[in-house]
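These numbers come from a predicted model, not from an experiment. Side-chain atoms are counted along with the backbone in the values below, which use heavy atoms only and exclude waters and symmetry mates. Protein chains get the first letters and strands the later ones, always in sequence-line order, with residue 1 at the start of each.
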Amino acid sequence: MNPLILTIILMTVFLGTMIVMASSHWLMIWIGFEMNLLAIIPILMKKYSPRAMEASTKYFLTQATASMLLMMAIIINLMHSGQWTITKVFNPTASIIMTLALAMKLGLTPFHFWVPEVTQGISLTSGLILLTWQKLAPMSILYQISPSINLNILLTMAVLSILVGGWGGLNQTQLRKIMAYSSIAHMGWMTAILVYNPTLTMLNMLIYIMMTLTMFMLFIHSSSTTTLSLSHTWNKAPLITTLILITLLSMGGLPPLSGFMPKWMIIQELTKNSSIILPTLMAIMALLNLYFYTRLTYSTSLTMFPSTNNMKMKWQFETKQITLLPPLIIASSLLLPLTPMLSILD
Amino acid sequence: MMTYIVFILSVIFVIGFVGFSSKPSPIYGGLVLIVSGGVGCGIIMNFGGSFLGLMVFLIYLGGMLVVFGYTTAMATEQYPEVWVSNATVMGVFLLGLLMEVMLVLYVLKSEEVGVVFKFSSVGDWAIYDIGNSGVFSEEIMGVAALYSYGAWVVVVTGWSLLVGVLVILEVTRGD
């Protein structure tokens, strides 16, 4: 893409999310969402194949439907409260419709069907932006309306998302689909704690973004989109292999890595609020996630995956440049001792 | 009939939308949009918004829809699809019409309509009182406020339009 156009479009994606996060008028928030959606379409279509165009169309249709639902919820809120300010949404109908619209934007079950298909059809960098940056805006709105969200609906969607994210990722060998199902599961964890303690949602979001950024950067560096292709990295860049191991285990939520911190805090908050079966179920279902992460580490770092002899040398045109990988690695694996610092987030 | 004019116009509005959402050829979609746009202008005018109604006719129908009509005329096929030519289009149109007719009967028969929000009767739907200030027309004051207090909104919408054009050019550019 022409660099000037790419700059303008990336700036508009950024501006759209910033407008959503910084506005106090519901109409401006809707405008921010639409601007974000409009500007990310050419980024999703960078590869220019029928697959990418289909993925962009699916993304556009689902997000536009979610924006329309959000607009309807905003207007119902306006009818019943007479004002446009973002506060907690007092009318239950508007609150439910708004929660469903934002769940569609995030990719929570039962609106998760677009996430694997869209993520698979686009390039790795576009998938990175889709799974990290695009989650910020809806989550910030959920944070702001969190006192009024219907608990039953949100918890149902969260638990089902963790289940679908775990189960759906089990049969995948394509890395982008694995990351998509991982995103669905993590969104489930984030929204489960939203009503009880929204600060932990933000914490989970932060750590999830860092880990997903790291994973995508490692995939981009080894130019691999399938498990088989990833299993050849031991030959070209053995250090990347080790880093993949550490980051994947962190994503699975294993102590002593930083991915354990959000899960631990979330389970602690849920049990403080006297729900015990729910966090038990969530922790058990996170094992499904852990299974396919460890399967990925098994094929990548722990064994020499079977392949033909002339495939053993991984060929690559040029090494892709990865931004900020060392700080990301540190952040996604070593942050657990900083957990007592959470007390400043109140 | 004049007391129910808004209700009648909004029913025609919805029927128009059903007409083009059942996906005949875009030429016929544009035709239905003209009708819907005109009817929408009528709805706005009934609430006292004469400026905005004229805006709909001038800019939407006379600017955007004319350009849309020309581009569709350039790209149209030899036998464009009408509502009656394809069973699917006909079926969707009839289904939409049926649902609208059922809704209208429901509104007319029952005392209250409580589907998503409550109307007490058809009369309530017809006249929403927006508060009489008496001296200024609030609608023109709103447009003026857009350019004074709402300057940031103008900047954002202007930027969105620019980016919209760039995005469309980028998407249709091809390789």
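Minimum interatomic distance between B:Val171 and A:Tyr48 (heavy atoms only, all atoms of both residues): O-CE1, 4.1 Å. Contact between A:Ala39 and B:Val167 at its shortest, heavy atoms only, is CA-CG2, 4.1 Å.
With a threshold of 4.5 angstrom between heavy atoms, A:Leu27 does not approach chain B through any atom at all. Only the side chain of A:Ile9 comes within contact range of chain B, with heavy atoms under 4.5 Å apart. Residue contact with chain B, scored on non-hydrogen atoms closer than 4.5 Å, involves the side chain of A:Ile19 exclusively.
Separating the OG atom in B:Ser160 from the CG atom in A:Asn36 is a distance of 11.0 Å, to the nearest 0.5 Å. With rounding to the nearest 0.5 angstrom, the CG atom of A:Leu38 is 7.0 Å from the CD1 atom of B:Ile168.
Between B:Val156 and A:Met35 the shortest side-chain heavy-atom distance falls below 4.5 Å.
The number of heavy atoms from other shown groups lying within 6.0 Å of NZ (A:Lys46) is above 12. Atom CE of A:Met68 sits in a crowded spot, with more than 12 heavy atoms from other residues, nucleotides or ligands closer than 6.0 Å.
Near-neighbour residues of residues 1-8 of chain A relative to chain B, defined by a heavy atom under 4.5 Å from a heavy atom of that chain, comprise A:Met1, A:Ile5, A:Ile8. Contacts with chain B (heavy atom to heavy atom, under 4.5 Å) involve no residue of residues 127-145 of chain A.
Applying the side chain to side chain donor-acceptor pair (under 3.5 Å) test to residues at least two apart or on different chains, none of the pairs has a partner in residues 21-31 of chain A. Among residue pairs with one or both ends in residues 115-131 of chain A, those qualifying as side chain to side chain donor-acceptor pair (under 3.5 Å) are A:Lys58-A:Glu117, A:Gln120-A:Gln174, A:Ser123-A:Ser126; sequence neighbours excluded.
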